[in-house]
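Presented below is the structure to which this report refers.
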Amino acid sequence: MRDINQFTLTQAVKDSFETEPGSRFETILHTVIDHIHDCTRELNVTHEEWMGVLNFLYDCGQISTPERHEFILLSDVLGFSALVDMINTRGGATEGSNLGPFYLDDAPEKHLGAHLADGRDGVTVLVHGKVTDSLHKPVPGATVDTWQADSTGTYPIQEQAQGQDKMDLRGKFTTDENGRYWYTTVLPKPYTVPYDGPVGDLLRAGNRHAWRAAHLHYIIRAEGLAAITTEVFFENTEYIDNDAVFGVRKSLIAKVEPAKKIEDLNLPTDVKPDAMFTFDFVLAPESKKR
Ligand code: BEZ
Ligand code: FE
């Protein structure tokens, strides 16, 4: 009869699984068991504390719906989502950042120069740049799929009950023969991640706010190159140094300027912008791992 104690338990639990030796599944399972057991021993966790953790996870499950995934939010505010984005950014490519919960894969295709924010208040901005590969070669025919909040920090998809069209403030652009994309929109404002659930309680318990720095979301795709999911932020804006989900990277911050030299750019637009910024996206090869 084996004698299991707090030091031999960890190996016994790992041995209880008949996993394929050396498989990724086995590695992940064993590593997670090792770390959680180590942490439990190190902290001398009490029954009350452990039940607190389990009840917190239960509450995350209870509030979750297909539209509201509290575990993703938990991963976001604890920096796990950011860490996975960082680890999976390929060498030479634009850094990855949060997908967030508001992506729709069937956003309308728009022509270059289109305005994404018809009839909306806010600073109208020309967004332009290039999609290149990691050798700086322009990528024609790349898809620039973008979505964003408005100038009050609201995504139209959140206000469908108030008559908003969920496809507003989003669109897919195709880069021209020089790999360029351009369009106009309104500058978004910061908004809070949902904080009326257990993750909100966690933020409050740690004296943290729920605000995200203002951003535009992007997925950039091109044949033969690895797609990237990322966000673009704006220099000197609120929460740029303390985004609630750790999405900001230095390389993802754009500088918004008055639309002075816009004529020189030769980028026809449907509406006249007040401001502009440029942001280039770099895609690494699909096959190469990192
Ligand atoms: C967003 O950027 O849309 C987002 C990210 C994390 C939580 C909630 C919203
Ligand atoms: Fe967002």
Side-chain angles (χ1 to χ4, degrees), residues 59-61 63-86 88-89 94-107 116-117 120 122-123 125 127 144-160 164-172 183 185-204 206 208-220 227-234 237-249 251-254 256 277 279 281:
D59 291 344
C60 286
I63 204 169
S64 289
T65 63
E67 292 78 36
R68 163 96 185 248
H69 196 318
E70 196 76 355
F71 290 100
I72 295 182
L73 188 57
L74 179 61
S75 154
D76 291 344
V77 305
L78 292 179
F80 295 135
S81 305
L83 194 52
V84 174
D85 287 338
M86 289 167 185
N88 286 283
T89 290
T94 299
E95 290 189 88
S97 187
N98 293 74
L99 173 67
F102 302 125
Y103 177 63
L104 297 175
D105 61 10
D106 53 350
L116 278 194
R120 288 181 177 274
V123 176
V125 66
V127 185
V144 175
D145 191 350
T146 185
W147 66 106
Q148 65 169 95
D150 64 14
S151 61
T152 69
T154 311
Y155 286 80
I157 196 173
Q158 295 173 288
E159 292 201 324
Q160 287 181 86
Q164 294 267 350
D165 178 354
K166 67 177 178 181
M167 289 301 178
D168 247 20
L169 287 175
R170 60 181 75 225
K172 288 180 183 154
Y183 64 95
T185 186
V186 289
L187 281 177
K189 279 278 194 262
Y191 58 85
T192 57
V193 301
Y195 59 91
D196 57 343
V199 172
D201 293 339
L202 177 66
L203 293 178
R204 277 182 290 277
R208 275 181 56 182
H209 68 73
W211 288 92
R212 292 223 57 201
H215 56 272
L216 302 174
H217 288 275
Y218 291 95
I219 296 181
I220 315 293
I228 51 167
T229 300
T230 194
E231 300 174 284
V232 171
F233 301 85
F234 311 104
T237 51
E238 262 184 306
Y239 310 111
I240 199 81
D241 278 325
N242 54 6
D243 180 50
V245 301
F246 305 92
V248 182
R249 324 263 181 274
S251 69
L252 299 180
I253 300 177
V256 180
F277 75 85
F279 195 88
F281 296 100

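Here the structure is a predicted model, which is why all the values come from computation and not from measurement. Atoms within a ligand are numbered from 1 in the order they appear, just like the ligands themselves.
- Within the 2.8 Å limit, Asn98 places no N, O or S atom next to the Fe ion (ligand 2).
- Listed by atom number, the atoms of ligand 1 under 4.0 Å from His217 heavy atoms are 1 (C), 2 (O), 3 (O).
- Closest approach of Ala82 to Phe246, counting heavy atoms only: CB-O, 3.6 Å.
- Scanning all protein heavy atoms for the shortest distance to atom 7 (C) of ligand 1 gives Val193 CG1, 3.5 Å.
- Ligand-side atoms of ligand 1 in range of Glu231: 2 (O), range being under 4.0 angstrom from any heavy atom.
- Taking only nitrogen or oxygen atoms, main chain and side chain alike, Asn98 does not reach within less than 3.5 Å of ligand 1.
- Taking every non-hydrogen atom of Phe102 and a distance limit under 4.0 Å, the qualifying atoms of ligand 1 come out as 3 (O).
- Taking the six-membered ring for Trp and thresholds of 30 and 60 degrees, Tyr239 and His209 have ring planes inclined between 30 and 60 degrees apart.
- By the 30° and 60° cut-offs, the orientation of the rings of Tyr191 relative to Tyr155 is perpendicular.
- Against a heavy-atom cut-off of under 4.0 Å, Tyr191 is close to the following atoms of ligand 1: 1 (C), 2 (O), 3 (O), 4 (C), 9 (C).
- Distance check for Gln148 against the Fe ion (ligand 2): none of its N/O/S atoms falls below 2.8 Å.
- Remark: at the Fe ion (ligand 2), atom OH from Tyr155 and atom OH from Tyr191 enclose 100°, rounded to the nearest 10 degrees.
- The protein heavy atom nearest to atom 9 (C) of ligand 1 is Pro101 CD, 3.2 Å.
- Checked against the 6.0 Å centroid threshold, Phe277 and Phe234 count as a close aromatic pair.
- Counting atoms of ligand 1 from 1 in the listed order, those under 4.0 Å from a heavy atom of His215 are 2 (O).
- Side chains of Ser75 and Ser81: a donor on one and an acceptor on the other come within 3.5 Å.
- A donor atom on one side chain and an acceptor atom on the other are found under 3.5 Å apart for Gln148 and Thr185.
- Considering all non-hydrogen atoms of both residues, Val186 and Arg120 come closest at CG1-O, 3.9 Å.
- Protein heavy atom in closest approach to atom 6 (C) of ligand 1: Asp76 OD2, 3.2 Å.
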